[in-house]
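What follows is one structure encoded as structure tokens, with my remarks underneath.
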Amino acid sequence: MDPEFWHARWQENRIGFHLQETNPWLVRYWPPPRTAPGDRVLVPLCGKSLDMLWLLDQGYRVTGVEISRIAAEAFFAENSLVPAIDQAGEFIRYRCDALDILCGDFFTLDRDTAGDIDAVYDRASLIALPPAMRAAYARHLASLLEPGTPCLLITLDYNQRQMDGPPFAVTGEEITSLYADTFAIGQLCSEDVLDGNGRFRDAGVTRLHECIYRLQRK
């Protein structure tokens, strides 16, 4: 899956992954241990997620990373925010108060551009990537973080043969394979959410679990 896939999704407004409300798992399980208002939270593949507004309202600084300028500009326009725009390394940076959205390829993000990251929130990044890209994503995320940095990770687990992604299914075994070398892993919750997801039911999916993990960089 190359960047053009996501550019096309935003250009065609095929963004069924976008939630029109704050993710309830974020509200339930934030903050991670040793995280406090004033810390900077990295939100990879952020789209125009309203979760960023929720984190800002809790007093956090937020750095989102998003490949689509359409998504970044929509976020600010839809929330009546006017960003300053400049260049940050290979990224176009949209900045407004405690929020930065870095527009570019997450896999080219380096520590100098990202700055100091105190926590990570991943609701739609890992599950947006096909299997062949996930190991590289986990390695690159780890390279941006200092030891002890916590992450809140939300995934989906279902029978991938019943529906194509994205969002893709990621099993608990794969989470261990991807992260165990660089993160301590704890599962907070796994809940059957099929009844509330008509798109999956209509596609013939018979089991859909949303799984929430707490990771900590070793």
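Excluded from the calculations below are hydrogen atoms, water molecules and symmetry mates; all remaining heavy atoms, backbone and side chain alike, are included. Here the structure is a predicted model, which means the values were calculated and not measured.
- In this structure, Leu81 and Asp97 have side chains that are not in contact, with every pair of non-hydrogen atoms separated by 4.5 Å or more.
- Under the rule for a side-chain hydrogen bond (donor to acceptor under 3.5 Å, both in side chains), Asp39 has no partner lying at least two apart in sequence or in another chain.
- Looking at heavy atoms from C-beta onward, Thr149 lies out of side-chain contact with Leu144 at the 4.5 angstrom threshold.
- The backbone N or O of Gly47 lies less than 3.5 Å from a partner atom in the side chain of Glu66, making a donor-acceptor pair.
- Legend: salt bridge (Lys or Arg N to Asp or Glu O under 4.0 Å) pairs involving residues 84-96, not counting sequence neighbours, sorted by first then second residue: Asp86-Arg93, Arg95-Asp100.
- Scanning for ring pair (Phe, Tyr, Trp, His ring centres under 6.0 Å) contacts around Tyr60 gives Trp30, with sequence neighbours left out.
- Side-chain atoms of Asp118 come within 3.5 Å of backbone N or O of Arg40 as a donor-acceptor pair.
- By the 30° and 60° cut-offs, the orientation of the rings of Tyr137 relative to Phe106 is tilted.
- Partners of Thr113 under the side-chain hydrogen bond (donor to acceptor under 3.5 Å, both in side chains) rule, at least two apart in sequence or in another chain, are Asp110.
- In this structure, the side chains of Ser49 and Arg123 stay at 4.5 Å or more apart for every pair of heavy atoms.
- Within the structure, salt bridge (Lys or Arg N to Asp or Glu O under 4.0 Å) contacts touching residues 185-198 (residues at least two apart or in different chains) do not occur.
- Scanning for side-chain contact (heavy atoms from CB on, under 4.5 Å) contacts around Ala77 gives an empty result, with sequence neighbours left out.
- The salt bridge (Lys or Arg N to Asp or Glu O under 4.0 Å) check on Asp122 picks up nothing, with sequence neighbours excluded.
- Residues in residues 137-149 take part in these salt bridge (Lys or Arg N to Asp or Glu O under 4.0 Å) pairs, two or more places apart or across chains: Arg111-Glu146.
- Applying the ring pair (Phe, Tyr, Trp, His ring centres under 6.0 Å) rule to pairs touching residues 182-207 yields Tyr158-Phe200, Tyr179-Phe183, sequence neighbours excluded.
- A pairwise comparison of heavy atoms in Leu42 and Pro44 identifies O-CD, 3.5 Å as the closest pair.
- Checked against side-chain hydrogen bond (donor to acceptor under 3.5 Å, both in side chains), Gln187 has no partners two or more places apart in sequence or in another chain.
- Looking at Thr182 and Leu215, their side chains never come closer than 4.5 Å, going by heavy atoms from C-beta outward.
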Decide yes or no on side chain to side chain contact (heavy atoms under 4.5 Å, CB included) for Asn23 and Trp54, but give the supporting numbers first. CA-CA 9 Å; Asn23 188 286; Trp54 187 88; over 6 Å; no

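- The side-chain hydrogen bond (donor to acceptor under 3.5 Å, both in side chains) search around Glu174 returns Arg134, not counting sequence neighbours.
- Among residues at least two apart or in separate chains, side-chain hydrogen bond (donor to acceptor under 3.5 Å, both in side chains) pairs with a member in residues 209-218 are Trp25-Glu210.
- The shortest non-hydrogen separation linking Ser190 to Cys211 is OG-SG, 3.5 Å.
- Minimum interatomic distance between Leu194 and Arg201 (heavy atoms only, all atoms of both residues): O-NH1, 3.2 Å.
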